[in-house]
Amino acid sequence: MRRKINIRFIQTAALAILATLLLTVAVCYHILEKQVLDDLRSYAGIVKHIVTEEAKGFSEKEREELAQNHIRVTLIAPDGTVLLDTSANARDMENHKDRPEVEKAYAQGEGSTIRQSDTMGQSTYYYALLLEDGQVLRVAKDADSIYRIMEMAVPYILVFVAVLLVICCVWSHFLSEGLIRPIRLIAQDVDNIGKTEAYEELKPYIKAIKSQHEDVMQNARMRQEFTANVSHELKTPLAAISGYSELIENGMASSEAETRRFAKEIHTNANRLLTLINDVIRLSELDNGEAEEQLEPVNLREIAQTCVNMLQMNAEMHHVSVSFEGENVIIMATRQMAEEVLYNLCDNAIRYNREGGTVLVTVRDRLDKAVLTVKDTGIGIPGEHQDRIFERFYRVDKGRSKSTGGTGLGLAIVKHILLHLGAEIALESEPGVGTEITVTFQAVRGAQFK
Ligand code: ADP
């Protein structure tokens with residue numbers, strides 16, 4: 001970018017210098033022309049008296065002086081015949097009536113022309129003046145032509161251009177450095193990108209980079225937090241497994257009943273570890289986009305029904321009754337994802353219920369939507385926690401979650417899946433009364449039931 005700015009700047013400067021020089025030469029030449037013609041006009045005014053009032057003609061000395069000054073005087077009769085010429089013999093000269101300056105003088109009283117001499121370097125300036133007696137006095141002078149002037153000026157111009165170009169190069173260096181500086185500062189210090197002074201035009205880009213940078217940092221922070229949480233969650237069941245197995249190893253289990261109790265603890269904690277690891281793997285699959293299998297039309301009612309049936313035993317263990325009402329409705333999903341959503345929501349509704357409570361799962365076909373609700377008569381979720389329960393490892397009651405086999409990741413997985421499926425989730429809950437979770441999917445019409 002900087003190289004480009006430099007090149008463009010120097011190109012523009014070179015062009016401007018050249019144009020200015022050419023224009024200056026042209027203007028100077030024009031002034032010179034005018035000056036020479038003005039001189040000839042005054043000269044003619046003087047000579048007029050010599051040729052009219054005094055005896056016509058010039059002495060030999062005067063002729064020489066005139067020749068030295070490159071001046072030539074010609075007197076032309078009204079019919080064009082040359083009567084007198086200071087540089088040639090008048091009798092040998094052809095009729096001058098048709099010479100442009102003479103023609104103009106006959107017509108308008110005076111006339112001038114500039115003619116290129118045979119040699120390229122010279123021009124001849126003519127000024128003709130009509131005298132009172134009808135004769136025309138012409139004064140001519142040889143002067144350097146524009147080409148000659150240019151030729152003489154070229155060395156000076158070249159030196160001048162070279163000096164100007166060097167100045168331009170140095171200037172362009174500092175100019176481009178000044179232009180690039182804010183951009184370089186931004187690249188060097190992405191953390192303080194908003195504080196760096198910047199051009200108005202760069203602001204949208206800076207805003208985008210800043211928000212991307214913040215996202216990246218936020219993601220990194222979340223990952224770090226997640227890893228720390230996972231390690232912490234793994235520690236407790238592992239410590240329990242290690243502790244109970246050590247007791248057995250050291251012969252501390254005195255009776256068979258006690259051995260069984262320790263083995264049961266080991267079993268429970270190993271299961272907890274497995275569930276936790278499965279959830280972590282599932283979340284990381286969803287995070288990395290590995291779970292992006294091809295979506296297909298699935299019947300939400302059928303999946304919900306199967307899920308409710310599967311959880312009946314679990315519900316009985318918690319003394320909770322689960323019922324289902326549903327209509328056939330097709331959504332775009334994968335069977336696994338739909339099952340995971342249903343399993344996690346129903347499992348929570350059972351685990352956070354009260355003894356003798358109920359869970360009602362419904363699937364409704366509403367216009368272009370498929371609406372799934374999971375309603376329980378459980379402990380409910382206090383308002384201040386309602387927004388946060390979808391965060392990873394966020395639990396309202398940690399003890400209850402752990403004792404019922406919760407990992408704190410179920411709703412995070414649900415939220416992730418629903419985001420992927422383009423579905424929306426809403427929560428209504430009152431502590432002590434119960435919770436109702438509503439998931440709204442886009443319904444698919446005319447698809448084959450799977
Ligand atoms: P967990 O494995 O702990 O159940 P989840 O991510 O599934 O983790 O849920 C997060 C938290 O939200 C739970 O620990 C619980 O406190 C609360 N929660 C979820 N569902 C319900 C519900 N139906 N009733 C009351 N609390 C709930």
Side-chain angles (χ1 to χ4, degrees), residues 20-158 160:
T20 313
L21 283 175
L22 288 177
L23 199 74
T24 312
V25 171
V27 169
C28 286
Y29 182 71
H30 182 72
I31 293 170
L32 179 91
E33 244 179 34
K34 199 170 162 304
Q35 187 64 48
V36 172
L37 287 174
D38 281 352
D39 285 354
L40 286 180
R41 184 180 291 117
S42 350
Y43 194 71
I46 300 164
V47 174
K48 182 172 95 175
H49 300 292
I50 302 174
V51 288
T52 49
E53 288 163 20
E54 293 167 25
K56 287 183 182 177
F58 292 87
S59 66
E60 213 34 58
K61 197 166 158 263
E62 281 169 338
R63 283 175 182 247
E64 257 170 47
E65 262 176 30
L66 287 171
Q68 267 170 15
N69 288 320
H70 303 284
I71 294 177
R72 178 183 185 181
V73 179
T74 315
L75 187 66
I76 302 148
D79 64 351
T81 319
V82 178
L83 302 172
L84 180 150
D85 191 275
T86 56
S87 310
N89 195 334
R91 263 169 296 160
D92 302 341
M93 290 170 71
E94 57 189 43
N95 191 296
H96 269 40
K97 205 175 161 186
D98 298 335
R99 300 293 157 99
E101 69 279 4
V102 178
E103 246 178 6
K104 266 190 236 163
Y106 282 140
Q108 299 158 11
E110 63 172 5
S112 60
T113 26
I114 302 163
R115 277 200 286 278
Q116 194 65 49
S117 303
D118 298 340
T119 46
M120 271 285 276
Q122 293 273 300
S123 288
T124 309
Y125 293 72
Y126 294 96
Y127 174 76
L129 177 71
L130 181 66
L131 302 179
E132 275 139 24
D133 56 3
Q135 291 178 349
V136 167
L137 173 68
R138 190 182 76 172
V139 189
K141 183 174 167 49
D142 287 336
D144 289 329
S145 71
I146 189 155
Y147 304 106
R148 175 86 186 111
I149 290 171
M150 289 271 249
E151 211 174 277
M152 289 191 298
V154 160
Y156 298 101
I157 290 177
L158 285 182
F160 186 59

Exercise. Is Glu132 salt-bridged to Lys48, cutoff N-O under 4.0 Å?
Worked result: no
Problem set entry | Side-chain donor or acceptor of Asp85 paired with backbone N/O of Arg72 under 3.5 Å | no
Exercise. For the residue pair Thr124 and Ala140, what are the closest heavy atoms and their distance?
Worked result: CG2-CB, 4.2 Å
Exercise. Minimum heavy-atom separation for Gly111 to Lys104, with atom names?
Worked result: CA-CB, 3.7 Å
Seminar exercise, completed: Between Leu40 and Tyr125, the two heavy atoms sitting closest are CD1-O, 3.4 Å
Problem set entry | Heavy-atom side-chain proximity of Arg99 to Glu94 below 4.5 angstrom | yes
For this session: Mind checking the CD-CG spacing from Glu64 to Asn69? Nearest 0.5 Å is all I need.
Result: 12.0 Å
Seminar exercise, completed: Correct closest heavy-atom pair for Glu101 and Ala128 would be O-CB, 3.5 Å
Problem set entry | Rounded distance [0.5 Å steps], CG in Leu84 versus OG1 in Thr74 | 8.0 Å
Exercise. Would you call Tyr156 and Leu21 a side-chain contact if the rule is heavy atoms closer than 4.5 Å?
Worked result: no
For this session: State, yes or no, whether a side-chain contact exists between Val47 and Leu129 at a heavy-atom distance under 4.5 Å.
Result: no
Seminar exercise, completed: Between the CG atom in Leu137 and the CG atom in Leu131, the distance rounded to the nearest 0.5 Å is 5.5 Å
For this session: To the nearest 0.5 Å, tell me how far Ile76 CD1 sits from Leu83 CG.
Result: 8.5 Å
Exercise. Do Ile71 and Thr86 pass the side chain to side chain contact (heavy atoms under 4.5 Å, CB included) test, and can you show the C-alpha distance, the side-chain angles, and the key distance before you say yes or no?
Worked result: CA-CA 9 Å; Ile71 294 177; Thr86 56; over 6 Å; no
Exercise. Which heavy atom in Ser112 sits nearest to a heavy atom in Leu37, and how many Å separate them?
Worked result: CB-CD2, 3.9 Å
For this session: Please collect all salt bridge (Lys or Arg N to Asp or Glu O under 4.0 Å) contacts where either partner lies in residues 33-44, sequence neighbours excluded, each pair once.
Result: Lys34-Asp38, Asp38-Arg41, Arg41-Glu110
Exercise. So do Gln135 and Pro78 actually touch side chain to side chain, heavy atoms under 4.5 Å?
Worked result: yes
For this session: Verify side chain to side chain contact (heavy atoms under 4.5 Å, CB included) between Ile114 and Val36, making sure each step is shown before the conclusion.
Result: CA-CA 10 Å; Ile114 302 163; Val36 172; over 6 Å; no
Exercise. For Tyr126, is the NZ or CZ atom of Arg138 found under 6.0 angstrom from the centre of its six-membered ring and inside 45 degrees of the ring axis?
Worked result: no
Seminar exercise, completed: Closest non-hydrogen contact found for Tyr106 with Gly134 is CE2-O, 3.9 Å
For this session: Find out whether Glu103 and Asp98 are in side-chain contact, i.e. whether some heavy atom of one side chain is under 4.5 Å from a heavy atom of the other.
Result: yes
